[in-house]
**Student:** 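Below you'll find the structure I mean.
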Amino acid sequence: MNIIDTHLHLPVLEQRDLLKAKSILEKELKKLNVMAGIIIPDNIPNSSIGDVEEVVELCSKDNNLFVMGTVDILSKDYVDRIKLLKEYAKNGTIKAIKIFPGHDPIYPIDAKLIPVYKICVKFDIPIVIHTGWNSGHPEVAKYNDPKYIVEIAKIYSNLNIVIAHYFWPEVEYCYDLTSDIPNIYYDTSGLGDDEVITETGLEKIKDVIIKTVHKKPYSFVFGTDYAMCDIEKHINLINCLNLTSQEKANIFSKNAISLFKIKVDE
Ligand SMILES: [Zn+2]
């Protein structure tokens, strides 16, 4: 089975060393036969998981590691940061842009995000939106409620939107609100994590993935939130679902190849 992990972060090391962090990540991918991945940098400078420019530089010579752009619209220089993302999107350096409502106290309907959505539409790359609780912090989910994401999806019908973490633990609410919207996609990241399973319920998670795949077969991409979450647990979660091998292949790699337009050496 070919696997592409669309939601990776560099591991945090005791001493900041991005090269070393990258080699640890690569070893993990190799061990689990993950053939390609998309690394998501932090949206602030000097982060222990690297910022956009650092991760772009780090992966510039790789054929199987891709990068997502990120932005913090609350930072003073966010206009310049968005300009940089536009350049990266234009020359194909970034395969998507991710925003973090809930990590950041911002809503997806914030007007400052309009230029970001426009870049995604213009250069035909998806916007990935962090959703759901943060570990131990249910209250942050008010920022990333799918009702706002639906608003954006309807305004920008050419914008492909990926809901990361399926708004856990309220996965059924997220399904009900978004399953009829063709330009809303989902990644599996976090859904194989112990805390997410405890708070959401494993059966609910499985049901919602299966229902979503049956309704929109193209819409689910594989992601793990490594190094916060375990890659193997996510592979096992998909493998144990009552889906056909074709449906699993769509989740594991085919959907990601078309959504993110990535070329991988198989
Ligand atoms: Zn993540």
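In each ligand, atom 1 is the first atom listed, and ligand 1 is the first ligand listed. Along the sequence shown, the residues carry numbers beginning at 1. Quick note: numbers below take in every heavy atom, side chains included, and nothing from hydrogens, waters or symmetry partners.
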**Student:** Angle at the Zn ion (ligand 1) between OD1 of D225 and NE2 of H7, to 10°?
**Tutor:**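 Vertex the Zn ion (ligand 1), arms to OD1 of D225 and NE2 of H7: 100°.
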
**Student:** So, K261 and D124, do they make that salt bridge, N to O below 4.0 Å?
**Tutor:**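 Counted as a salt bridge, because a side-chain N and a carboxylate O are separated by less than 4.0 Å.
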
**Student:** Are any of the side-chain nitrogens in K31 or E26 under 4.0 Å away from the carboxylate oxygens of its partner?
**Tutor:**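 The answer is no: the pair does not qualify as a salt bridge.
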
**Student:** Might you point out which heavy atoms bring L191 and I197 nearest each other, and give the distance in Å?
**Tutor:**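 Looking at all heavy atoms of both residues, the closest pair is O-CG1, 3.5 Å.
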
**Student:** Is any N, O or S atom of H130 under 2.8 Å away from the Zn ion (ligand 1)?
**Tutor:** no

**Student:** Hey, is E199 close enough to K204 for a salt bridge, meaning N to O under 4.0 Å?
**Tutor:**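 No, E199 and K204 are not salt-bridged.
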
**Student:** Of the backbone and side-chain N, O or S atoms of H9, does one lie nearer to the Zn ion (ligand 1) than 2.8 Å?
**Tutor:** yes

